[in-house]
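What follows is a single structure, written as C-alpha cells, with notes after it.
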Amino acid sequence: MLYYLFEYLDKTLDIPGTGVFQYITFRSALALMLSLLLSTIYGKRIINFLRKQQVGETVRELGLAGQNEKAGTPTMGGLIIIFATLVPVLLFARLHNIYIVLLIVTTLWMGIIGFVDDYIKIFKKDKQGLKGIFKVIGQVGLGIIVGAVLYFNPAVTVRTDTARTDIYKNVNTTVVLPAPVEEKSTATTIPFVKNNEFDYAEILAFTGEGYEKWAWLIFIPVVIFIITAVSNGANLTDGIDGLAAGTSAISVLALGIFTFVSGNIIFSNYLNIMYIPNSGEMTVFISAFVGALIGFLWYNSYPASVFMGDTGSLTIGGIIAVLAIAVRKELLIPLLCGIFLVENFSVVLQVSYFKFTKKRFGEGRRIFLMSPLHHHYQKKGYHESKIVTRFWIVAIMLAILSIVTLKLR
C-alpha cells in the first residue's frame with residue numbers, strides 16, 4: 001500500500017526522495033526490519049493471548065528427555081510468522097504482481113489448513129488432528145491453483161537468451177537483431193549442468209506436433225507433488241525447538257538470492273541464467289518472511305516459549321515450494337532443503353523397514369532409534385540445542401552449495 005502512495009507522490013507531486021520506493025532493495029530492507037520488529041514485539045502479545053486461551057501443546061509420551069516439561073507450552077505460533085510476513089508485504093510490495101498474489105494466497109491457504117489441524121488437536125482433544133486425506137486435498141488444491149496460474153497467466157514469462165545483444169557491430173557493418181522476447185514456457189533449471197534448461201513439455205514430444213499445448217498435464221502434477229512433499233517435509237522437521245524455523249530461514253535466504261538475480265536482467269545476463277520478468281518483486285516477500293522466521297526464533301529457541309504448530313510448519317513448507325517453483329529452481333529443492341528431505345526419508349525408511357521385517361521375520365525392526373531423524377539423536381543422548389545447531393550448520397552448507405550452482409556447471 002505504501003508503495004502505491006509513494007509512487008503517486010513521486011510521479012504526480014514530484015516530491016524529492018519518494019522515488020526510492022521504486023527500488024526493490026530498499027523495500028526489501030524495510031520489509032525485513034518491520035517483520036523483525038513485529039515478530040519480536042507483537043510476538044509476545046500473541047503468545048500471551050494463546051496462553052490465556054489455553055492453546056497449549058499436548059505432548060505424546062515418546063520417552064524423550066525433557067519432553068514432559070514442554071506440556072502446556074502455547075502452540076499455533078505460526079500465527080506470528082504469518083502476521084509478521086503479511087503486514088510488511090501488504091505495505092511494501094507491489095500487490096498487483098502475480099508472484100506476490102500467489103505467495104499471499106499460499107500463506108493464507110496453508111495457514112488455514114494448519115490452523116484447522118491445530119484447532120482439532122487442541123480444542124477437540126484429537127491428537128491426530130485434521131485427517132491426512134483432508135490435508136492432502138488442501139495441498140493438492142493449492143498445487144492446482146499455483147500450477148494453473150504459473151502455466152496459463154500471461155504475466156508469467158521467461159527469457160532464456162539473456163546473453164544475446166540487440167546490436168552487433170564489426171568494422172564494416174552494423175547488424176540490428178530482433179529484440180529478445182519474453183515467452184510462456186515450462187522450462188526449469190537443472191543444477192550443475194551446462195545449457196541447463198529443461199522444458200517439462202519435452203516429456204510429451206513423443207506425441208507428435210503440437211505437444212507443447214498439453215504441457216500443463218505434466219507441469220501441474222509436478223507442482224502438486226512439490227508443494228505436498230515440501231510442506232509435509234517442513235511439518236516433520238518441526239519436532240524440536242528452533243529446528244524448523246532456523247533451517248527454513250537459511251533455505252529461504254538462499255532462495256532470495258536466486259529470486260533477486262533471476263528477476264534482474266543485468267545479473268541474469270552476467271550469470272547466463274534464465275531471466276524471469278517481475279519475479280524480483282518476490283525478494284520483498286522473502287525479506288519479510290526471513291525476518292518473521294528469525295523473529296519467531298526469539299521465542300522458539302530452546303527452551304521454547306511457543307511452538308509454531310502445523311499453522312507454521314505447513315505454511316513454511318508451502319511458501320518454500322512455491323518460491324522454488326516460481327523462480328524455476330524446484331529441482332534444487334532436494335539439495336537446498338536437504339534437511340527436510342532427510343527428515344522425510346528417515347520416516348519413510350523406518351516405516352517401510354519395520355513393515356518389511358515384521359512380515360518376513362514376525363517382528364518389526366527399526367533402522368533408527370526413532371524417526372524423524374532428530375528424535376534418533378535425542379534418543380542417543382544429544383541435547384536439543386546441539387542437534388539444532390548442527391542441523392543449522394548442515395543447512396548453511398547446503399544453501400551455499402545451492403548458490404554455487406549459479407556458476408558451477
Side-chain angles (χ1 to χ4, degrees), residues 32 34-53 55-60 64-87 107 110-111 114-115 117-118 121-122 231 233-253 288-320 337 339-340 343 372-375 377-378 382-396:
L32 176 63
L34 180 58
S35 63
L36 273 170
L37 290 173
L38 290 174
S39 55
T40 51
I41 295 173
Y42 286 94
K44 184 64 175 177
R45 298 184 183 182
I46 294 174
I47 293 170
N48 289 336
F49 173 78
L50 294 172
R51 187 174 285 114
K52 287 180 181 178
Q53 299 300 315
V55 185
E57 179 78 1
T58 302
V59 178
R60 291 183 300 165
L64 298 172
Q67 179 186 13
N68 294 330
E69 299 172 7
K70 297 185 178 184
T73 301
T75 187
M76 286 192 183
L79 293 172
I80 299 172
I81 299 171
I82 294 172
F83 168 72
T85 299
L86 290 183
V87 171
T107 303
M110 297 303 293
F115 180 86
D117 187 40
D118 288 334
K121 289 177 181 176
I122 296 164
S231 57
N235 194 19
L236 287 172
T237 304
D238 179 34
I240 52 179
D241 300 347
L243 179 58
T247 54
S248 298
I250 294 165
S251 299
V252 173
L253 192 59
F289 189 40
V290 170
L293 289 169
I294 294 173
F296 179 73
L297 278 172
W298 185 273
Y299 301 106
N300 186 239
S301 58
Y302 183 86
S305 302
V306 65
F307 301 136
M308 67 170 63
D310 284 11
T311 306
S313 60
L314 289 176
T315 303
I316 287 172
I319 290 173
I320 290 175
C337 300
I339 299 296
F340 292 175
E343 294 274 46
L373 188 62
H374 55 263
H375 287 325
Y377 289 110
Q378 279 186 284
Y382 290 90
H383 192 274
E384 281 190 42
S385 297
K386 178 168 286 191
I387 298 170
V388 170
T389 302
R390 290 182 175 178
F391 273 53
W392 285 0
I393 292 171
V394 174
I396 291 171

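- Residues A292 and T85 come closest through the heavy atom pair CB-OG1, 3.4 Å.
- In this structure, OG1 in T247 is found 9.0 Å from CH2 in W392, a value given to the nearest 0.5 Å.
- Smallest separation of non-hydrogen atoms from S39 and L36: OG-O, 3.1 Å.
- The backbone N or O of A304 sits less than 3.5 Å from a side-chain atom of D241, completing a donor-acceptor pair.
- Contact between F340 and S248 at its shortest, heavy atoms only, is CZ-OG, 3.3 Å.
- How far CZ of F296 is from CG of L38: 15.0 Å, rounded to the nearest 0.5 Å.
- The heavy-atom pair separating S231 from M110 by the smallest distance is CB-CE, 3.8 Å.
- A side-chain donor-acceptor contact under 3.5 Å links R51 and N48.
- When every heavy atom of A249 is checked against every heavy atom of I294, the shortest pair comes out as CB-CG1, 4.5 Å.
- Remark: side-chain polar atoms of D118 are paired, donor with acceptor, to backbone N or O of T311 under 3.5 angstrom.
- Between I41 atom CD1 and I46 atom CD1 the span is 12.0 Å, to the nearest 0.5 Å.
- Closest non-hydrogen pair, L236 versus P372, comes out as O-CG, 3.6 Å.
- In this structure the side chain of V388 never reaches within 4.5 angstrom of the side chain of Y302, judged on heavy atoms.
- Side-chain contact between Q378 and I387 is present, with heavy atoms from C-beta onward closer than 4.5 Å.
- Taken to the nearest 0.5 Å, the CG atom of L243 stands 6.0 Å off from the OG1 atom of T237.
- Distance OH/Y382 to CZ/R390: 6.0 Å, rounded to 0.5 Å.
- Distance alone, capped at 3.5 Å, is enough to place a donor-acceptor pair between the S35 side chain and the A288 backbone.
- Under the side chain to side chain contact (heavy atoms under 4.5 Å, CB included) test applied with I316, the options I82, V252, L293 reduce to a single match, L293.
- T107 places none of its side-chain heavy atoms less than 4.5 Å from the side chain of F289.
- Not a single donor-acceptor pair under 3.5 Å links the side chain of W298 to the backbone N or O of K44.
- Distance CE/M308 to OG1/T75: 9.5 Å, rounded to 0.5 Å.
- Remark: F83 CZ is packed, more than 12 non-hydrogen atoms of other residues, nucleotides or ligands lying under 6.0 Å away.
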